[in-house]
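The structure appears below as C-alpha cells.
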Amino acid sequence: MNDRPEPDHDIGDPSAQWRDYQGAPTGTDIECKGWRQEAALRMLNNNLDPDVGEKPEDLVVYGGTGRAARSWDAYDAIMAELRELDDDETLLVQSGKPVGRFTTHERAPRVLIANSNLVGKWDDWEHFHELEAKGLIMYGQMTAGSWAYIGTQGIIQGTFETLAALADEHYDGDLTGKIVVTGGLGGMGGAQPLAVTMNHGVCIAAEVDEGRIDRRIETGYCMEKTDDLDDAIEKATEAAENGEAYSVGVHINAADMLEGMLDRGFVPDVITDQTSAHDELEGYYPSGYTVEEADQLREEDSDTYVEESLDTMARHVQGILDIQDAGAVAFEYGNNIRGQVKEHRDMQNAFDFPGFVPAYIRPLFCQGKGPFRWAALSGNPEDIHRTDEAVVELFPEKEQLHRWIDLAQEQVEFQGLPSRVCWLGYDTSDAREEHRNGGGRAAEGDEDGLTERARFALRINELVADGEIEAPVVVTRDHLDAGSVASPNRETEAMRDDSDAIADWPILNALLNCAAGADIVSVHDGGGVGIGNALHTNNHVVLDGSELAAEKARRVFTTDPGMGVIRHADAGYDEAIEQAEKSNVAVPMRDRR
Ligand code: NAD
C-alpha cells in the first residue's frame, strides 16, 4: 500500500548561508531589491529558524514532513533568485524549487508557489512518495511550503478559540474544573496545553517524543512532564477539583494512554488528538516502539511500519469512541485520523465523533472570519506591541479579542520574527449602516466598505508610513481559512449542500488573490490531512507604508475573506447569506432571485 521507494534523491547537507542566518534577517537594511522580495526571503528563513521550525536541518518546518524548500540546493537557489528579483518580476516555485522568473508588473505577486499538487487519479501518498524519492515533488503542508509558518504561536489563538467555542457550547463558557485529554505536542499540537490553561482548564497530552515535551515546557506551552500515567491522572484530577489551570505532557503513545485511562475507569471531560495521523509513515508513531526504534523500522521496512502505524491508529480511534461513549465530548482536531482508519482499517464508525470545523468553526467561516496573522520584519517586539494596541483601538467592541491580546502578551513567547494572530473577518460595519439606510453597494476601496481585515491592515500600513513601526510588516494567514480550502474531512466536512470535495473554490481563491495583487500566492495539495485529501491556498501582503501597499491591502483583504462569505452563501448557510446582505457582497445568482 505504501511501500516507500528507495530515495535516489536526498536533500543534501544544510546550506552554509542557512547556518549563518539561523533565522530571518532583521532590521531595516535589506539584501533584496525591494521589501516585497526581502519579505519573502525573511519569511522563508523564519520558517527555518531553529526556534520556529521543528527540524530545520532537514528543511522540515512542522506537520510530519512539511518542508519550506525541496533540497538545500533549492533553498540556496531560491535565496539567490529573491536577491536578484526586480520589482516587476515574478518568481515561480514548484514544490520547493525555483523553476522560472518572468517579467510581470509591479502590482503582480512577486512569488507564486505550487506545492505537492498531483492530478486527481494519481493524487495519493503512493504516487507522491514515488515522485518525492525521485526529487520531483515536496510536501508543503500548509504554511511550511508557503513560508507563512510562525511557530506554535501561529496556531495558539485558533486552538484557544476552538476550546472557548467548545466551552461556550458545553460548559457555560469556561473550562474551569474540566480535563481535556489529547495527543501530540508537535509544531501545532504543542499549542493545546496552553490553549486549555488559557481557558482555565486542565490538559493531559500524550507524546512519544520526550524532546517535544521538553520543548513545549521550555517555551511555556506545557507545565510538567511525566512517564507515569497514574501520576498524570492524579495531578490532573486534583487540579481540576481545585479549579486550577494545569497541563502535563505524558511520555507515552496516545493509543496506549487512552486504553490505560479506560482500564482505570478514568473519563475526561473532553477528548481529542493532534498527533500527525494524516501521514501514517512519517507523522504517526506505532505503539510498542521507542521513537528511535520506530525511526529505524521506517528506514528498514516501511511496509511493516505503515501497517503497525495504522493498527495503532485504529486502537487510538476506538479509544476516543469508547471515551466518548463513557460521557466525554469528543472531536477530531484536523489530523484526519478518522479518515485514515475508515479507509485503511474499514472502521465504518470512525466518523461517529465530529471534526472541529463543523462542530465549532463553521459559523466563523460564514462571516469570512479566519486566522489573520502578521509578522514584524524588523524583528523588534515593540512593533508587534504597537499593532496589539492598534487592533484593540480599532475594534473596541470585541471583548474576546481584547482578552486574547492580553493573554498573548502575558503568556505567548515570540518565536523567530515577532508575530501575532487574531481572527478577523469580512464584517464592514459602516457598509452595513449604509445598506440599512438604503444606500447602494459600497465601492471596493471605498473607506466605508472596508472589511475588518482591510481596516486593520491599512492601520498597520499607516503606522509603518508614520515610522511608529520600524520596518514593514507582513500580513498573511493560515491555509485553514474561510474561503481558501476544500478538505472533506476537515474544513469542508459535512457542508450543507454536500459540496465538501469541490476544489474549484480554493483555485478561485488563489486566482483572485493574484488578481487582487497579493505579494506571495500559493496553492497546495495535502496539508494537515494528507495527500489527496485537501487543496488550499495562502497569501502574503507586505505593508511597507506605501500607497501601493495600501491599495493591495484594501483589495486582498476584501476579496480573500469575501471568498469565505460567498463560498458558504453558495452552500446555503444562513449566517453567510446574512453576512453577504449586511456587507453588500455580490452573490450573483442569489442577487437575481
Ligand atoms: P508534528 O509532526 O510537528 O507533531 C506531531 C507530534 O505527534 C510529534 O511530536 C509526534 O512525536 C507525535 N506523535 C505521533 N504519533 C504519536 C502517537 N501515536 N502517540 C503520541 N504522540 C505521537 O505535527 P503538528 O504540526 O503538531 O500537527 C499535528 C497534526 O495536526 C497534523 O496531522 C497536522 O496536519 C494537524 N493540524 C491541525 C491543525 C488544526 O488547525 N487543527 C493545524 C495544523 C495541523
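Not measured: the values here are computed from a predicted model. We're numbering straight along the sequence, starting at 1. Read the numbers this way: they start at 1 and go in the same order the structure lists the ligands and their atoms.
A donor-acceptor contact closer than 3.5 angstrom is absent between the side chains of S247 and R216. Q296 and E292 share no side-chain donor-acceptor pair at under 3.5 Å. No donor-acceptor contact under 3.5 angstrom links the side chains of D174 and N199, judged on distance only. Side-chain contact annotation: S276 with Y285, donor-acceptor N/O pair under 3.5 Å absent. A donor-acceptor contact closer than 3.5 angstrom is absent between the side chains of N335 and H278. A donor-acceptor pair shorter than 3.5 Å can be found between the side chains of Y246 and E224. In this structure, a donor-acceptor pair under 3.5 Å is present between the side chains of T226 and D231.
Here's the thing with Y333: one of its N/O atoms is less than 3.5 angstrom from an N/O atom of ligand 1. Note: no N/O pair closer than 3.5 Å links L185 and ligand 1 by distance alone. Between M188 and ligand 1, a contact under 3.5 Å exists for at least one N or O pair. The N/O atoms of G63, backbone and side chain alike, include one that comes under 3.5 Å of an N/O atom in ligand 1. Remark: ligand 1 and A255 share no N or O pair separated by less than 3.5 Å (distance only, no angle test). The distance criterion of under 3.5 Å between nitrogen or oxygen atoms is met by S276 with respect to ligand 1. Taking distance alone, with nitrogen or oxygen atoms compared against 3.5 Å, Y62 stays at or beyond that limit from ligand 1. Considering backbone and side-chain N/O of I252, none are found under 3.5 Å from N/O of ligand 1. Checking only distances, Y285 does come within under 3.5 Å of ligand 1, N or O to N or O.
When Q340, R490, Q141 are checked for heavy-atom proximity to atom 38 (C) of ligand 1, R490 turns out nearest. Proximity annotation for atom 21 (N) of ligand 1: of V529, L480, V208, T152, V208 comes nearest, heavy atoms only.
For F128 and W125, the gap between ring centers is short of 6.0 Å. A centroid separation of 6.0 Å or more is found between the aromatic rings of F353 and F351.
Using a non-hydrogen distance threshold of 4.0 Å, G64 registers as a contact of ligand 1. Not close to ligand 1: G158, with no non-hydrogen atom less than 4.0 angstrom away. Contact annotation: N253 has at least one heavy atom less than 4.0 Å from an atom of ligand 1.
Just one residue in the list Y426, F557, W423 forms a ring-ring contact (aromatic ring centres under 6.0 Å, His included) with F372, and that residue is F557.
For Q274, heavy-atom contacts with ligand 1 shorter than 4.0 Å involve the backbone as well as the side chain. Contacts between H316 and ligand 1, counted as non-hydrogen atom pairs separated by less than 4.0 Å, are absent for every part of the residue.
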